Protein chains: 2
Amino acid sequence: MREPDATVAREPLNRARVLKAALGIIDAEGVEALSMRRLGAELGVDPMAVYRHVDGKDAVLDGVAELLWEELPDACPEDGDWAASLRAFASAIRSLFHAHPHAAPLMLQRPVLPVPQLEKSHQQLEALQAAGFDREDAAEILRTLISFSTGYGLAEVTCYALVDGEAWPPPGSERDLLIAFAQFLPPGTPARLVDVAIALWAMADSDATFESSIDLILSGARLRLERRRGASE
Amino acid sequence: MREPDATVAREPLNRARVLKAALGIIDAEGVEALSMRRLGAELGVDPMAVYRHVDGKDAVLDGVAELLWEELPDACPEDGDWAASLRAFASAIRSLFHAHPHAAPLMLQRPVLPVPQLEKSHQQLEALQAAGFDREDAAEILRTLISFSTGYGLAEVTCYALVDGEAWPPPGSERDLLIAFAQFLPPGTPARLVDVAIALWAMADSDATFESSIDLILSGARLRLERRRGASE
DNA sequence: ACCTGAACACCGTTCAAGT
DNA sequence: ACCTGAACACCGTTCAAGT
């Protein structure tokens, strides 16, 4: 008879626990704080024991990327509204960057095809094809949407990183903004460039800009659908 | 009298030379190959001498990001065609990713406001305002364009990284593509997901997708300009 | 058969010792 | 005043030695 696994004096390590701990460290202190030794310490385990469950540091980072894509909610295609589904998808991607400013960039940077990313993309593609798009158009639209959402999210968190712990956008008057931004620019930078930085990255309503760009992409998609329908009739 | 600087037995180190060497290493072997010691070796110099000209490794990476933004061609607004200028800007950003697949991601990831980025953005903003956009709209459009171009470029180079030295997209029949992609997915991944990967990242015409997305953004911008003009008259 | 931890070949950065 | 390179506190990973 095997030993009963009731006595879990110390929960056995597994890949999932390792990755969750890694994400925790990255969220709290940034990617550069993650090390295999630190990971072992965090898990209360010999640092080298981690290698039993994971293939090395790169594999840990790949795994964290996968974890993040898993966090994306599944499409709920019951209502059959492909546009609403795409919009939710795009917003969820952007939200992931906000929830994990340090970790989310990994989603784009690991040379892997995370299975959950493909799974979610599959759902969106199905919804688009069900709505009458052919597969090429569907893929093109989805690709545009993913690229934009990740690019936008990345740009936002890179701005947060400027002020790190501080609030973003820096609260207060436009004059405070000016001062805050000027600190990140070499002394002697012309004021006109500080203005550009503010106009581009701090002044506009980030949510509204994102939404209206998504609108643009979606209306482009809608147009293509009409044309396709017109041509096939 | 000072010593004439004619005898340049060994060209004196300076920030620009350090950064150029760093970019060279990253281009050739990837970011993870860059180390301060390696940098010193590449320059034929005591590794610690590099610290005289640069503030540390992070500053080197910041500097490389700056170098890349500098490579972007300036706007040539003589013809006054704001849309053409924006399109060239977007294409140039994407081209930078193709030219520096390993280094270009740094453009988005360093918590700095690279002055040349602001400079180039300034030129685009001016062109837009000259065409009748108000500053908020101009900033929003430019922000959307930059986010999309960088996101798209980043997605592309992450795909290249999958096959690294190999050609991209992998040449040959659709069947070869299937096999090539399947190798990067865990064994037992459903074929349907391999299909998704191919449809999303290998099948579509990358250039055409990019251009048509830019069209979308530009036509949205044009629409806003019309409205703005209509309202003010 | 499994795990540990010593050891190797690297890091970035500091700083005392030299000139 | 300047530069060197030893030294410190870390890395990721391997692997022999233990149990």
Side-chain angles (χ1 to χ4, degrees), chain A residues 1-5 7-15 17-19 21-26 28-65 102-103 106 109-112 161 164, chain B residues 1-3 5 7-15 17-26 28-65 102-103 106 109-112 161 164:
Chain A
M1 227 197 267
R2 307 274 178 76
E3 287 207 9
D5 54 352
T7 353
V8 270
R10 71 183 64 159
E11 200 165 344
L13 218 50
N14 56 37
R15 195 179 117 96
R17 276 225 301 150
V18 169
L19 297 182
L23 178 56
I25 294 171
I26 295 173
E29 304 174 42
V31 235
E32 74 288 349
L34 180 71
S35 77
M36 296 304 275
R37 288 161 147 103
R38 173 71 197 282
L39 198 45
E42 204 76 12
L43 291 159
V45 147
D46 185 281
M48 299 307 118
V50 179
Y51 281 88
R52 301 228 128 252
H53 301 92
V54 122
D55 227 23
K57 190 180 182 180
D58 278 343
V60 172
L61 294 174
D62 291 345
V64 170
H102 289 126
L106 291 174
Q109 225 119 11
R110 298 270 92 210
V112 288
D164 210 14
Chain B
M1 226 196 268
R2 306 275 179 76
E3 286 207 10
D5 53 352
T7 352
V8 270
R10 72 183 62 159
E11 201 164 344
L13 219 49
N14 56 36
R15 194 180 118 97
R17 276 224 304 149
V18 170
L19 297 183
K20 244 193 70 179
L23 177 56
I25 294 171
I26 295 174
E29 304 175 41
V31 233
E32 74 288 347
L34 180 71
S35 77
M36 296 304 275
R37 288 161 147 103
R38 173 72 197 281
L39 199 45
E42 204 76 13
L43 291 160
V45 148
D46 185 281
M48 299 307 119
V50 178
Y51 280 89
R52 301 227 128 253
H53 301 92
V54 121
D55 227 22
K57 189 179 183 181
D58 278 342
V60 172
L61 294 173
D62 292 344
V64 170
H102 289 126
L106 291 173
Q109 225 119 12
R110 299 269 92 209
V112 288
D164 211 15

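This structure is a prediction, so every number in the text was calculated from the model and none was measured. By convention in this document, chain letters (A, B, ...) are assigned in the order of the sequence lines, proteins followed by strands, and residues within each chain are numbered from 1.
Rounded to an integer number of Å, the gap from A/Arg38 CZ to D/dC11 P is 9 Å. Here D/dA17 presents its P atom at 19 Å from CE of A/Met48, a figure rounded to the nearest Å. If you take NZ of A/Lys57 and P of D/dT13, they are 8 Å apart, rounded to a whole angstrom. Taking atom CG of residue A/Leu34 and atom P of nucleotide C/dC11, one finds them 19 Å apart after rounding to whole Å. Look at CE on A/Met36: it is 17 Å from P on C/dG5, rounded to the nearest Å. Rounded to whole Å, atom P of C/dC11 lies 12 Å from atom CG of B/Leu39. Rounded to whole Å, atom C1' of C/dT4 lies 15 Å from atom NE2 of A/His53.
Using the Watson-Crick or G-U wobble rule with both distances under 3.5 Å, D/dG12 pairs with C/dC8. C/dT19 is paired with D/dA1 under the Watson-Crick or G-U wobble criterion, all donor-acceptor distances under 3.5 Å.
Each of B/Ile25, B/Leu106, B/Val64 was scored for a side chain to side chain contact (heavy atoms under 4.5 Å, CB included) with B/Val31, with one residue passing: B/Leu106.
For A/Arg38 and A/Glu29, the salt-bridge test passes: some basic side-chain N is under 4.0 Å from an acidic carboxylate O.
Listed candidates were C/dG12, D/dC11, C/dT14. Nearest to the side chain of B/Arg37 is C/dG12. The side chain of A/Asp46 sits closest to C/dT4 out of C/dC11, D/dC11, C/dT4. Residue A/Ala49 has its side chain nearest to C/dT4 when only D/dT13, C/dT4, C/dT14 are considered.
Taking 4.0 angstrom as the limit, B/Tyr51 places none of its side-chain polar atoms (N or O) nearer than this to OP1 or OP2 of C/dT14. Here B/Arg52 reaches the OP1 or OP2 of D/dC3: one of its side-chain N or O atoms lies under 4.0 Å away.
Counting heavy atoms from C-beta on, the side chains of A/His53 and A/Arg17 never come closer than 4.5 Å. Considering only heavy atoms from C-beta on, A/Lys57 stays 4.5 Å or farther from A/Leu39 through its side chain.
A pairwise comparison of heavy atoms in B/Ala65 and B/Arg110 identifies CB-CG, 4.0 Å as the closest pair.
C/dT14 and D/dG12 have their C1' atoms separated by 23 Å, with the value rounded to a whole Å.
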